There are 2 protein chains.
Amino acid sequence: MKKRRVTSTDVARKAGVSQSAVSRTFSPWPTQSGVSAEIREKVLRAAKELGYQPNAIARSLITQRSRIVGVLFSYLDNPFYARALELLCHGLQARGYHALVFMMSDTLQDIDSTVSDILQYQVDGLLTASVELSSKLCIECTERGIPVVMFNRTQDDPGLSAVTTDNIGGGRLAAKALLDAGCERLAVLAGWEGASTSRDREFGFRAELHARGAELFERANGNFNLEDTAQATRAFFKDRNPAERPDALFVINDYMAIRAMDVIRNELGLRIPEDVSVVGFDDISTAAQPTYGLTTVRQPINRMVEASLRLLFEQIEDSAAQPEHVMLGAQLVERHSVRRKSSP
Amino acid sequence: MKKRRVTSTDVARKAGVSQSAVSRTFSPWPTQSGVSAEIREKVLRAAKELGYQPNAIARSLITQRSRIVGVLFSYLDNPFYARALELLCHGLQARGYHALVFMMSDTLQDIDSTVSDILQYQVDGLLTASVELSSKLCIECTERGIPVVMFNRTQDDPGLSAVTTDNIGGGRLAAKALLDAGCERLAVLAGWEGASTSRDREFGFRAELHARGAELFERANGNFNLEDTAQATRAFFKDRNPAERPDALFVINDYMAIRAMDVIRNELGLRIPEDVSVVGFDDISTAAQPTYGLTTVRQPINRMVEASLRLLFEQIEDSAAQPEHVMLGAQLVERHSVRRKSSP
DNA sequence: CTGAAAGCGCTAACAA
DNA sequence: TTGTTAGCGCTTTCAG
């Protein structure tokens with residue numbers, strides 16, 4: 001049993017008015033279109049009886065606005081990104097827009113077809129997070145006048161908007177915390193060099209070390225996944241004397257840091273912060289749980305989302321708006337994973 | 001500087017063929033439409049030069065298929081749902097569909113306008129998770145022939161498809177594990193009675209207790225959020241003698257269980273499993289981390305997602321397909337949060 | 001196999 | 001204010 005959809009024409013017929021009258025009644029900008037209260041009344045009644053809902057697809061076709069924005073993520077494992085998606089969706093909805101989500105498992109997905117999909121759906125804008133944008137995507141979008149803003153990533157391309165935390169500054173903060181506590185053999189567990197976040201945080205960390213005349217003791221990549229993180233952590237500590245292993249670890253994000261802490265404590269039998277201090281980045285909710293009490297560099301996620309949305313809509317609404325890079329300040333949140341300052 | 005989109009007509013002109021030829025060349029079902037290799041060639045070349053991409057919106061309007069499915073979530077805090085969303089998106093994309101995400105913060109959002117939004121976007125189907133569907137939504141959708149399948153929820157309405165784990169059986173498993181270990185004062189920390197998952201798991205738990213002639217010692221609601229969970233956990237144990245407090249806790253999902261464990265160990269200073277055994281539900285990745293080693297009832301999330309998608313597409317592709325409730329088996333994953341069986 | 005023509009459901013001039 | 005008309009970009013008969 002096939003149900004035909006009910007159209008504005010159906011409503012018009014039932015209400016005894018023109019189809020335009022129906023259109024005007026359901027126009028999202030109520031003030032602008034003149035409809036007498038009487039007609040409005042009739043239309044609304046007929047619409048309700050028929051269960052009419054305007055067809056957003058048809059509307060988009062004519063208005064050249066889909067009120068859909070593409071949202072690109074590569075994974076939701078890291079709670080920071082899950083939270084970001086949640087906030088992004090809320091913000092979009094609050095503005096009458098909706099998120100069409102593209103989940104691209106970095107490896108699996110072929111990027112070309114995704115680009116193509118995005119373009120075909122006529123999204124009004126594109127928000128990308130946790131994904132290294134192929135320049136292809138950027139070019140194709142900007143060429144077509146689709147604004148894109150990168151969330152928590154940067155790319156050198158100045159044609160793109162981006163919002164990030166001050167990752168370099170954040171990295172310095174982490175180094176500072178560890179150095180101030182008297183740690184001497186500092187290691188960093190990075191993500192992956194292709195990611196600007198990871199690069200910048202490590203860069204800042206090293207910069208601070210350098211400024212203080214300290215040396216980086218060791219480094220490794222955790223590739224943003226738990227398996228490699230655990231592996232790398234073991235390599236740092238396993239079968240090494242206290243003097244030969246790091247006494248401080250800066251992990252590039254909390255998601256990985258939590259895993260590292262687990263390995264350190266439960267597999268390796270080391271104590272935090274007595275044997276090794278650890279600092280993370282992001283401040284996900286788990287970091288605050290007493291079991292971890294992870295000292296970390298907080299990213300102001302709410303403000304990041306707000307800024308991303310603002311940038312995006314500025315460009316959607318005003319095609320002359322210029323791309324912009326907004327960088328928010330990072331902040332150290334001290335908990336119990338860094339040992340107390342040893343008096344000099 | 002406004003860029004006009006390039007349409008199939010532009011391509012046709014450039015290629016010196018009819019617009020229909022272009023349409024046929026880009027038809028998603030290559031076999032069905034006859035286009036000579038020669039024309040195809042010309043069209044493709046012209047399209048590439050112009051950077052043409054078919055307009056999915058216009059296509060949807062005529063085919064009455066948007067290839068978009070609405071995906072309803074209320075939060076992504078619980079990693080189980082974040083993971084579910086990730087898998088759902090992948091599955092959808094693999095089938096050439098995309099997810100339009102509706103994030104409805106249970107309280108904030110007004111349900112009517114969301115229903116309206118969903119309907120307006122002409123989604124081909126609806127997937128709902130972690131959300132108690134107002135019957136309104138169900139009715140409106142089914143009335144319009146939009147298939148809906150509920151993920152990890154049920155509702156009595158037989159007109160709706162749903163896929164769940166055997167929550168009742170899972171609840172029994174949890175009780176069995178605790179009883180077999182010799183626990184005597186069993187408490188359950190539920191979610192919220194409005195949620196079928198919570199109700200069913202608790203029901204199964206109680207049923208098993210009853211079958212074994214045991215009594216439920218105590219219960220409380222954690223309302224699926226960490227704050228209330230912590231609160232409830234404290235109430236169970238704080239300032240109570242060993243004999244007056246639970247020696248076993250069944251928490252309705254891992255997300256809450258992890259929080260409960262933290263409170264028990266770090267705030268209350270109790271040991272797990274020596275002082276209290278705990279069992280969770282879901283088997284999120286954190287449960288497997290050695291720090292927690294949470295014994296839990298696993299939901300086969302991959303199969304749940306596959307089943308949901310299968311159900312949804314059966315109904316999308318064949319409007320005669322009947323709604324169905326598929327229930328997958330639950331499985332106990334034993335780790336270290338339940339004390340070893342005391343020999344009788 | 002190919003092109004012409006008729007819409008999909010809606011908005012936006014334009015007249016009345 | 002209201003109705004009439006002309007499309008938005010595409011798919012799909014229907015002739016040729």
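Since the model is a prediction, treat every value here as computed from it, not as a measurement. Letters A, B, ... mirror the listed sequences (proteins, then strands); counts begin at 1. These values consider heavy atoms only, across backbone and side chains, with no hydrogens, waters or symmetry-generated copies.
Against DNA chain D, the stretch residues 53-62 of chain A makes heavy-atom approaches under 4.0 Å through A:L61, A:I62.
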**Asked** Does the ring-ring contact (aromatic ring centres under 6.0 Å, His included) test come out yes or no for B:F26 and B:Y52, once each step is laid out?
**Response** CA-CA 10 Å; B:F26 281 93; B:Y52 169 75; 5.1 Å; yes

**Item:** Trace of the ring-ring contact (aromatic ring centres under 6.0 Å, His included) decision for A:F313 with A:Y97
**Value:** CA-CA 10 Å; A:F313 284 106; A:Y97 277 70; 4.8 Å; yes

**Request:** Apply the test side chain to side chain donor-acceptor pair (under 3.5 Å) to residues B:H98 and B:S66: give CA-CA distance (whole Å), side-chain angles for both, the deciding distance (0.1 Å), then the verdict.
**Result:** CA-CA 9 Å; B:H98 287 279; B:S66 60; over 6 Å; no

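Shown here is A:E38, whose CD atom has no more than 12 heavy atoms of other residues, nucleotides or ligands within 6.0 Å.
At least one donor-acceptor pair closer than 3.5 Å links the side chain of B:S36 to the backbone N or O of B:I39. When atom types are taken as modelled, the side chain of A:E324 and the backbone of A:Q322 share no donor-acceptor pair closer than 3.5 angstrom. Checked by atom type and distance alone, the side chain of B:R67 pairs as donor or acceptor with a backbone atom of B:G96 at under 3.5 Å.
As a whole-Å value, the separation of B:R65 CZ from C:dG9 C1' is 18 Å. B:Q120 places its CD atom 13 Å from the C1' atom of C:dG9, with the value rounded to the nearest Å. In this structure, B:Y121 atom OH and C:dC10 atom C1' are separated by 15 Å, rounded to whole Å.
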Please write out the pairs of protein N or O atoms and N or O atoms of nucleotides 2-4 of chain D separated by less than 3.5 Å, giving the distance to one decimal.
unit_1, atom_1, unit_2, atom_2, d
D:dT2, OP1, A:S36, OG, 2.6
D:dT2, OP2, A:S36, N, 2.7
D:dT2, OP2, A:S36, OG, 3.1
D:dG3, OP2, A:S18, N, 3.2
D:dG3, OP2, A:S18, OG, 3.0
D:dG3, N7, A:R24, NH2, 2.5
D:dG3, O6, A:R24, NH1, 3.3
D:dG3, O6, A:R24, NH2, 3.4
D:dT4, O4, A:S20, OG, 2.9

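Looking at A:E314 and A:R310, a side-chain N of the basic residue comes within less than 4.0 Å of a carboxylate O on the acidic one, giving a salt bridge. The residues B:D112 and B:K136 are annotated as salt-bridged, a charged nitrogen and a carboxylate oxygen being separated by less than 4.0 angstrom. Classification of B:E306 and B:R95 as a salt-bridged pair holds, one side-chain N sitting under 4.0 Å from a carboxylate O.
Contact annotation: A:Q64 reaches the phosphate of D:dG9 (side-chain N/O to OP1 or OP2, under 4.0 Å).
Here A:F26 lies out of heavy-atom contact (under 4.0 Å) with every strand. Within the 4.0 angstrom heavy-atom criterion, only backbone atoms of the sugar-phosphate kind lie near A:S8; the bases stay farther away.
Of the listed residues (B:T154, B:L160, B:V149), just one forms a side chain to side chain contact (heavy atoms under 4.5 Å, CB included) with B:H325, and that residue is B:T154.
Annotation: the terminal axes of the helix from C:dC1-D:dG16 to C:dA16-D:dT1 meet at 40°, where each axis is the rotation carrying the C1' atoms of four end pairs onto the next four (5 pairs per end, rounded to 10°).
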